[in-house]
Amino acid sequence: MSLASPYISKTEFLNYLTCPGYAWHLRHHGDARPSPDEGALRRMREGHHVESLARDLFPGGYLVTSRNPARADRETRAAMAAGYTVIFQATALAEAGMIARADVLVRAGEAWHLIEVKSSSADPEKPRDVVRKHLNDITFQSIAFHNAGIPVQQLSLLVLNRTYRRNGSVDARDLFVRFDVTEDVRAAELLVLPIIEDAIATLLNSRVAAKCDCHRKTRTNRCELFSHFHPHIPERNTIYNIGSIQRTSLLPALDRGVLMMVDWPDDIPLGARQRRQVEVARNGVEVAHREKIAAFVQQFAEPLWYLDYETFQSPVPLWEGYAPHQQITFQYSLHRIGSDGESSHYEYLAESSVHDPTESLLRQLAEDMGSEGSVLVWNKSFEFGRNTEMAERYPHYAEFLHDVNSRMIDLADAVKHGWWEHPDFQGSWSLKQVLPVAAPEMNYKLLDIGDGGTASERWMQAVLDSPCLLSDTERSAVLRALRIYCTQDTLAMVRIRDYMLGLLA
Ligand code: SF4
């Protein structure tokens with residue numbers, strides 16, 4: 001949308017609902033915003049793929065191709081006049097100041113049935129969550145089309161069916177489930193209309209600059225513009241970095257002008273762990289609760305197996321038996337440390353997309369991992385959950401996977417429970433935050449791939465994309481970087497456990 005456009009789009013309205021300041025800034029200074037990352041671009045492509053599959057359900061539809069709003073509106077009306085009964089990307093310019101593009105518009109007598117296609121998934125028997133999630137979105141469309149003089153008598157959401165399991169080629173009739181949301185939208189319109197009017201008045205007014213009030217909230221509310229609005233607030237060591245801090249605790253401290261954690265007023269209540277974190281920050285030295293750590297590490301049975309998975313998700317299942325958005329494990333790293341301290345490393349990385357990689361991954365994991373010893377992971381729910389899902393899909397590995405889960409211990413518990421505290425943890429138990437304390441030389445920022453999201457995205461580029469846009473050299477470099485990254489995750493845990501033992505010395 002051009003900066004001078006007298007219309008707000010649905011995306012702008014949804015941004016406005018999240019934060020008026022954010023929406024205003026994007027509209028008037030959007031060029032200052034960082035370009036979408038590779039993951040965001042893929043999600044857009046996946047969204048387009050889902051939409052194009054949904055079009056199979058409406059044969060003979062007319063696709064509006066103009067991107068210019070006024071031309072798209074004229075093209076839509078021309079298609080209607082020409083007698084088309086299905087129009088994709090039907091566009092309405094509403095005089096009130098809205099532009100709406102409907103994914104599908106189907107003729108229904110003298111009026112139209114508006115259908116929004118979403119990459120979300122839902123259980124056909126439990127539509128409420130997905131309806132709630134997209135209600136503002138489709139209500140904006142309804143009001144805009146009505147205001148543009150295009151009558152809409154029925155509204156539906158078309159989403160991915162969570163109970164679908166791929167069986168052969170993808171059939172859109174099975175992949176999607178449709179929910180009629182006409183009554184929900186009609187009930188919402190009276191509430192949403194005044195908010196749309198506020199959004200139009202705010203976003204079209206270039207003279208009233210955006211405000212940002214996230215300095216009065218916890219860090220979880222922030223968007224990428226926070227440092228732009230509050231350049232004086234440091235990233236670390238502030239009261240916002242106190243773990244699980246609530247707004248009700250933050251506000252009284254902020255009202256007294258307190259910003260840094262070390263200055264926390266003693267008369268403002270904190271939880272026991274939060275207070276310990278403040279103390280650790282004040283003293284500037286780590287605290288180890290030796291008895292707790294000793295009891296924790298003593299339960300580890302040798303040999304020790306350090307395990308880490310990398311996964312990806314796809315809205316449209318790629319292989320037999322998978323559901324929409326199901327996590328698929330494509331890589332593991334496994335370090336074994338024997339009772340004599342001897343270290344061995346095992347790994348698996350799927351390099352071909354012809355078959356579901358899970359079975360060959362499990363075959364190798366079952367060969368690599370012995371039946372004795374504890375399995376150490378960082379954030380147990382992730383590896384535990386993947387094992388449970390893989391056991392369901394491959395029952396002949398169920399006994400092995402359930403046994404691995406029964407031996408699984410979350411190494412992060414030492415930090416999560418506060419048995420080991422360090423000023424540099426900043427109230428977080430993330431591996432990326434804890435590792436620099438135990439092994440400062442192992443810096444994720446120095447790796448070509450330094451986080452799970454990038455690993456997933458790069459693997460898809462190197463292995464899944466067809467055609468692959470990488471040269472052979474680039475592809476090899478990505479696969480090498482993936483191996484290095486996943487190996488670092490398990491080696492990081494080895495070093496952290498060694499560090500914990502050092503705390504007991
Ligand atoms: S940091 Fe928060 S208040 Fe500020 S623009 Fe972003 S979302 Fe809005």
Side-chain angles (χ1 to χ4, degrees), residues 39 219-220 235-237 241-244 273 277 280 286-289 292-293 296-297 299-300 304-312 327 329-337 343 345-349 374-387 404-405 407-459 481-503:
R219 282 161 61 93
T220 50
E235 265 293 299
R236 296 168 65 84
N237 302 317
N241 299 100
I242 297 174
S244 308
R273 278 213 53 203
Q277 189 188 344
V280 167
E286 72 186 336
V287 172
H289 301 259
K292 299 271 191 198
I293 294 175
F296 181 53
V297 297
Q299 65 175 306
F300 301 174
L304 302 179
W305 302 93
Y306 295 85
L307 176 66
D308 182 70
Y309 289 147
E310 300 302 329
T311 64
F312 81 101
Q327 300 247 27
T329 309
F330 62 83
Q331 182 178 16
Y332 69 74
S333 171
L334 180 69
H335 268 92
R336 177 190 186 278
I337 308 292
S343 167
H345 182 245
Y346 309 87
E347 63 180 353
Y348 175 91
L349 174 62
S374 297
V375 179
L376 300 178
V377 295
W378 196 270
N379 187 19
K380 181 176 171 179
S381 62
F382 185 73
E383 272 74 19
F384 192 98
R386 302 297 76 74
N387 282 350
V404 170
N405 277 357
R407 294 152 55 200
M408 194 176 278
I409 296 173
D410 194 341
L411 195 59
D413 278 351
V415 184
K416 281 189 214 171
H417 294 306
W419 304 328
W420 171 30
E421 299 179 86
H422 193 286
D424 290 349
F425 292 167
Q426 298 288 307
S428 163
W429 52 266
S430 131
L431 187 60
K432 272 77 180 171
Q433 201 76 255
V434 174
L435 180 63
V437 171
E441 73 285 3
M442 290 178 69
N443 190 342
Y444 279 94
K445 291 192 180 127
L446 300 177
L447 302 183
D448 286 342
I449 292 174
D451 64 86
T454 307
S456 170
E457 178 53 35
R458 292 283 162 76
W459 181 80
L482 281 164
R483 290 180 191 279
I484 291 170
Y485 168 67
C486 199
T487 302
Q488 167 129 329
D489 275 349
T490 47
L491 194 55
M493 288 189 274
V494 174
R495 298 294 300 275
I496 288 170
R497 185 253 182 182
D498 289 348
Y499 188 92
M500 281 189 210
L501 292 181
L503 293 172

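Numbers for residues simply follow the sequence, beginning at 1.
Salt-bridge formation is not detected for the pair R458/E310: no Lys NZ or Arg NE/NH1/NH2 atom is positioned less than 4.0 Å from an Asp or Glu carboxylate oxygen.
Applying the side chain to side chain contact (heavy atoms under 4.5 Å, CB included) criterion to D424, with sequence neighbours excluded, gives R236, H422, V437. Listed by chain and number, the residues in a ring-ring contact (aromatic ring centres under 6.0 Å, His included) with W305 amount to none (sequence neighbours excluded). By the ring-ring contact (aromatic ring centres under 6.0 Å, His included) test, F312 is found to be paired with W459, residues two or more places apart in sequence or in another chain being considered.
Using modelled atom types, no side-chain atom of R273 and backbone atom of G427 make a donor-acceptor pair closer than 3.5 Å. Proximity of a side-chain donor or acceptor of Y485 to a complementary backbone N or O of G452 within less than 3.5 Å is detected. Formation of a donor-acceptor pair under 3.5 Å by the E421 side chain with backbone atoms of A288 is not found in this model. Here the side chain of S374 pairs no donor or acceptor atom with the backbone of L376 at under 3.5 angstrom.
In plain terms, the two heavy atoms of V287 and H289 that are nearest each other are CG1-NE2, 3.6 Å.
Looking at E347 and R483, their side chains come closer than 4.5 Å, going by heavy atoms from C-beta outward. Between W378 and I496, the closest side-chain pair of non-hydrogen atoms falls below 4.5 Å. A heavy-atom distance below 4.5 Å is found between the side chains of L411 and M500. Counting only heavy atoms from C-beta outward, the side chains of V377 and F384 never approach each other to under 4.5 Å. At a threshold of 4.5 Å between non-hydrogen side-chain atoms, the residues L501 and V297 count as touching. Two residues are said to be in side-chain contact when any heavy atoms from C-beta on lie closer than 4.5 Å; D489 and Y444 meet this criterion. Taking 4.5 Å as the limit, every side-chain heavy atom of D413 sits out of range of all side-chain heavy atoms of W429.
For the side chain to side chain contact (heavy atoms under 4.5 Å, CB included) criterion with L304, the lone passing option out of R336, R497, H335 is R497. Between T490 and the choices L307, L334, D308, the side chain to side chain contact (heavy atoms under 4.5 Å, CB included) rule is met once, by D308.
A distance of 6.0 Å separates CG of L435 from CD of Q488, quoted to the nearest 0.5 Å. Atom CD of E457 is separated from atom CD1 of I449 by 10.0 Å, given to the nearest 0.5 angstrom. Atom CD of Q426 and atom CD of Q277 lie 7.5 Å apart (nearest 0.5 Å). A distance of 8.0 Å separates SG in C486 from CZ in F330, rounded to the nearest 0.5 Å. Annotation: the span from R495 atom CZ to D498 atom CG amounts to 7.0 Å, rounded to 0.5 Å. If you take CG on L446 and CD1 on I484, they are separated by 11.5 Å, rounding to the nearest 0.5 Å.
Within 6.0 Å of NZ in K380 there are more than 12 heavy atoms belonging to other residues, nucleotides or ligands. Counting heavy atoms of neighbouring residues, nucleotides and ligands inside a 6.0 Å radius, atom CD of E235 does not exceed 12 of them. Counted within 6.0 Å of CG on D448, heavy atoms from surrounding residues, nucleotides or ligands total 12 or fewer; the atom is thus considered open.
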Residue pair V415, Q433: steps toward the side chain to side chain contact (heavy atoms under 4.5 Å, CB included) verdict: CA-CA 11 Å; V415 184; Q433 201 76 255; over 6 Å; no
Stepwise side chain to side chain contact (heavy atoms under 4.5 Å, CB included) check, N387 with M408: CA-CA 11 Å; N387 282 350; M408 194 176 278; 3.6 Å; yes
Residues V434, W420; criterion side chain to side chain contact (heavy atoms under 4.5 Å, CB included); working and verdict: CA-CA 10 Å; V434 174; W420 171 30; 3.7 Å; yes
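Counted by atom type alone, S333 and H345 present one or more donor-acceptor pairs between their side chains at under 3.5 Å.
Because its NZ or CZ atom is both nearer than 6.0 Å to the ring centre of F382 and within 45° of the ring axis, R386 counts as a cation-pi partner of that residue.
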